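Bear in mind the structure is a predicted one, so any value in this text is a computation, not a measurement. When a ligand or atom number is given, it counts from 1 through the structure's own listing order. All values below come from the heavy atoms of this structure, side chains included, with hydrogens, waters and symmetry mates left out.
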Amino acid sequence: MQKQPSKAQNATHTKILPKKILIFASENGSNFEAIAKHFQQKAFKDKVNIELLTDNKNAYAIQRAKRLNIPYFYVPFENLYDFLKPRARQYDLYVLAGYMRILPEKILNLGAVFDKTGKKIQNKFINIHPSLLPDFKGKNAIQQAFKANAEKTGITIHFVEKKVDSGKIITQKSTAAAGKTLAELEKSIHEIEHRIYPEIIENLLFKKNVLLFGGGAREHALAQKLLKSPFLDTLYLANPNDGFKRLGKTVKFPRTSNPAADYDTLAKNARALNIDLLVIGPENPLFEGISDIFQNEGIKVIGANKKWAALEGSKSFAKIFMTKNGIKTADYKILTDCTPEKIKETLDYFKAKSQTPPVIKADGAALGKGVYLPETFEEAEFETDKFLKGEFGEASKKVVLEERLFGKEVSLLSFWDGKTLVSFPPAQDYKRLLDNNKGKNTGGMGSFAPVKISVTEQKRLEEYQNALKTALLKENADFKGIIYSGLMLTKNGVYVLEYNMRFGDPETQVLLELLDTDLLYIFLKTADKKLNEIELKFNKKKAYCVVLASEGYPDSPKKGAVIKNLEAAEKYGCKIYFAGVKSVKNPAVQTYSNDTAALTVNGGRVLSIVKSAYGGKSALDSIYKTAAKIEFEGKIYRKDIGKIYGKKP
Ligand code: GRF
């Protein structure tokens with residue numbers, strides 16, 4: 001595989017000043033040595049300067065510094081502030097690695113900045129701690145874990161706060177502890193430390209520019225999450241909506257009738273802006289080959305290439321992939337351009353199998369709406385004919401009829417890097433427009449996660465993921481992105497209803513609430529085919545999302561109404577992610593965020609209201625209070641999000 005030059009390697013061309021880090025160690029200094037060696041590699045020549053500081057003149061770390069030819073300072077603790085104060089501006093990062101002192105606030109403030117909201121944050125002092133915090137804080141953490149017979153322990157890298165071992169966690173990595181001697185445990189912890197600490201420091205020194213493509217609530221949620229990453233330099237947005245464009249810098253995206261040329265222009269702009277990574281929200285750009293175009297330009301991408309986007313773009317391609325690879329999916333027939341007799345004959349095939357009419361699916365992508373669930377065979381006949389005659393344009397000129405399955409429907413979103421598959425907990429979305437799963441199919445009216453599943457279901461889900469992974473490996477699916485499996489958990493096992501090759505909307509809004517691992521870090525690992533090196537950590541909250549839509553959705557939503565009372569969300573502790581909105585200069589109407597413009601309805605799904613909480617349904621109550629308060633003419637939403645449906649056979 002051709003390796004893309006990292007930003008550090010590129011730096012020669014742009015004449016960036018070398019980064020400077022000060023490593024604090026009191027004793028042994030093995031982490032100091034690992035970090036120093038990492039940055040003494042050729043790739044970082046003239047890019048990173050390291051210095052050592054110790055409060056112990058007998059520290060072995062000093063011997064290491066001498067050996068590695070690294071400048072060192074012996075600074076007694078009581079002189080530390082005076083030493084650092086005049087030099088503070090020189091350093092990009094202060095790295096604590098076995099420094100046995102607690103830093104007072106006055107020193108930590110030397111690494112403090114103000115974030116966008118004016119809040120003071122400390123982002124220059126980091127520490128490594130040999131346990132999975134908050135477990136085993138303080139001294140002798142490895143011994144503590146050993147004595148407690150912990151099943152697993154690990155390491156935590158975190159920003160430093162006044163309170164010991166409590167700052168914002170940057171990353172954690174675990175290792176099995178059970179059955180290991182203390183010496184073995186220490187060895188494996190140190191190995192992890194020496195591998196991960198330099199890598200995290202590199203990411204903090206050479207932050208990444210990210211371009212996020214798409215303008216829905218899903219992208220708003222992704223943008224918000226990416227902004228939390230300490231590894232992010234600048235967030236660029238292509239096609240954001242007016243509700244979240246302030247979160248990043250908008251990159252011009254000229255639209256013509258030639259998508260390939262448009263993406264090519266965008267990729268060239270991205271290259272000029274030093275963008276490191278493209279994250280693609282919606283499916284259409286994937287079908288049109290945006291990933292391939294950016295990759296040719298040398299930019300890393302999260303999103304399937306054109307070939308594999310077909311798992312979503314063509315239901316028949318997906319069906320063939322599944323049947324060929326032993327992945328369970330409903331029995332099906334493909335129809336194109338056929339006579340009424342042929343439709344009837346095909347329906348008779350399903351009738352002979354069961355009394356339930358088959359599901360009708362447009363072969364091509366139809367914004368998640370090209371699925372019809374007929375109640376009778378007569379209806380099935382009529383609708384199949386309508387589909388084939390172009391109900392969804394080209395997308396439904398080929399139709400897949402498939403046996404209807406019954407059970408619990410879940411969405412399983414996974415990251416795939418060409419080698420490793422890692423999934424979120426299962427989520428539930430609500431496709432139908434109306435309560436009790438009635439009405440038309442929509443892009444999604446709400447969601448929640450995680451879905452409660454039994455031990456057997458969990459086991460089956462794992463088996464399914466293994467089967468999917470094996471199939472992707474066998475077919476050499478060498479892309480880096482997302483695979484969304486729409487699954488039915490039936491009494492006969494896990495069946496695939498459909499694949500999407502991007503984050504689900506509105507599932508993403510709830511799943512990101514559960515994710516405690518840094519999203520940009522996951523993306524970077526995915527893009528580098530190193531997903532196996534990290535662990536995804538999920539909290540134990542329950543997250544809900546209710547979509548406010550505009551009357552007439554999904555066919556012809558009303559547009560133009562002013563959206564009012566958005567501040568209700570804050571009152572009830574909810575997040576708002578905007579989708580179909582547009583800001584209109586109109587000082588006469590109520591405004592949002594002290595802006596002189598008002599947000600107005602500009603699409604079917606207008607916004608998502610999201611909240612998560614530990615236990616109970618309190619989050620859902622707050623969401624519904626917010627939903628009732630936010631006002632716009634023609635507001636519609638489902639009142640039954642969170643309710644479990646799923647017919648038994
Ligand atoms: C490491 O285990 C680190 O996690 C902790 O102190 C130890 C330092 O070891 N904060 P060394 O001095 O780097 O060998």
Closest non-hydrogen protein atom to atom 12 (O) of ligand 1, residue and atom name please, with distance?
Gly29 N, 2.7 Å
Would you please indicate if the ring centroids of His129 and Phe136 are separated by under 6.0 Å?
no
For Ser26, the option from Asn58, Asn56, Asp55 that meets side chain to side chain donor-acceptor pair (under 3.5 Å)
Asp55
Decide yes or no for Tyr521 and Phe231: does some side-chain heavy atom of the first lie under 4.5 Å from some side-chain heavy atom of the second?
yes
Whether His190 lies under 4.0 Å from ligand 1, heavy atom:
yes
Does the separation of the ring centres of Phe415 and Phe424 fall below 6.0 angstrom?
yes
Identified side chain to side chain contact (heavy atoms under 4.5 Å, CB included) partner of Pro230 from the options Ile170, Asn123, Thr171, Ile200:
Ile170
With salt bridge (Lys or Arg N to Asp or Glu O under 4.0 Å) as the test, would you mind laying out the steps for Glu33 and Arg67 before giving the verdict?
CA-CA 10 Å; Glu33 178 161 343; Arg67 193 165 8 96; 3.4 Å; yes
I need the nearest protein heavy-atom contact for atom 4 (O) of ligand 1: residue, atom name and distance, please.
Glu193 OE2, 2.3 Å
Among Val210, Leu211, Leu212, Val251, exactly one meets side chain to side chain contact (heavy atoms under 4.5 Å, CB included) together with Leu237. Which residue is that?
Leu212
Give yes or no for whether the N/O distance cutoff of 3.5 Å, strictly under, is met between Ser30 and ligand 1.
yes
Considering non-hydrogen atoms of the protein only, which is the closest contact for atom 6 (O) of ligand 1, and what is the distance?
Gly98 CA, 3.4 Å
Element-labelled atoms of ligand 1 that are located less than 4.0 Å from some non-hydrogen atom of Asn28:
12 (O), 14 (O)
For Pro130, the ligand 1 atoms with a heavy-atom partner under 4.0 Å come out as 2 (O), 4 (O), 5 (C)
What is the nearest protein non-hydrogen atom to atom 9 (O) of ligand 1, stated with its residue, atom name and distance?
Asn31 ND2, 3.7 Å
Could you tell me the residue and atom name of the protein heavy atom closest to atom 10 (N) of ligand 1, and the distance to it rounded to 0.1 Å?
Ile128 O, 2.8 Å
